[in-house]
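We count residues from 1, following the sequence as given.
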Amino acid sequence: MEEVSRETGIHRTTLSRVSNQKGYISSTDVIDKLCAYFKVTTNEVAEYMPDPITEAQQD
């Protein structure tokens, strides 16, 4: 994480939250920097997870 933080400018605390907290909401800036660093698309680092409560209310 230290190397990723140094190379991307993303604080280590943010990286820790992104990698360890399920459902952590990150800014698009952080996602963009991670994609550039790892040379991947957003589909490879993020996944849309619908809110089950919201979906149940719509049914």
Side-chain angles (χ1 to χ4, degrees):
M1 286 222 200
E2 186 175 326
E3 178 184 338
V4 175
S5 176
R6 183 177 60 251
E7 296 293 323
T8 63
I10 302 169
H11 196 277
R12 288 183 66 203
T13 303
T14 302
L15 290 173
S16 179
R17 288 180 181 148
V18 167
S19 65
N20 296 316
Q21 289 182 9
K22 184 177 181 177
Y24 177 78
I25 299 172
S26 181
S27 71
T28 54
D29 184 50
V30 169
I31 294 169
D32 185 54
K33 288 178 182 181
L34 290 172
C35 287
Y37 177 78
F38 289 109
K39 297 179 175 85
V40 297
T41 66
T42 55
N43 291 340
E44 294 172 280
V45 294
E47 177 183 0
Y48 172 72
M49 301 292 291
D51 180 11
I53 295 171
T54 303
E55 284 196 338
Q57 292 173 346
Q58 292 176 354
D59 289 340

Name every donor-acceptor pair, under 3.5 Å, that has one atom in a side chain of residues 7-18 and the other anywhere in the protein, sequence neighbours excluded.
| from | atom 1 | to | atom 2 | distance (Å) |
| --- | --- | --- | --- | --- |
| Thr8 | OG1 | Val4 | O | 2.6 |
| Thr8 | OG1 | Ile10 | N | 3.2 |
| His11 | ND1 | Thr13 | N | 3.0 |
| His11 | ND1 | Thr13 | OG1 | 3.2 |
| Ser16 | OG | Asn20 | ND2 | 3.2 |

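Residues passing the side chain to side chain donor-acceptor pair (under 3.5 Å) test with Glu3 are Tyr37, sequence neighbours excluded.
Defined by atom type and a distance below 3.5 Å, a donor-acceptor pair is missing between the side-chain atoms of Ser5 and Glu2.
The distance from atom CG of Leu34 to atom OG1 of Thr42, rounded to the nearest 0.5 Å, is 11.5 Å.
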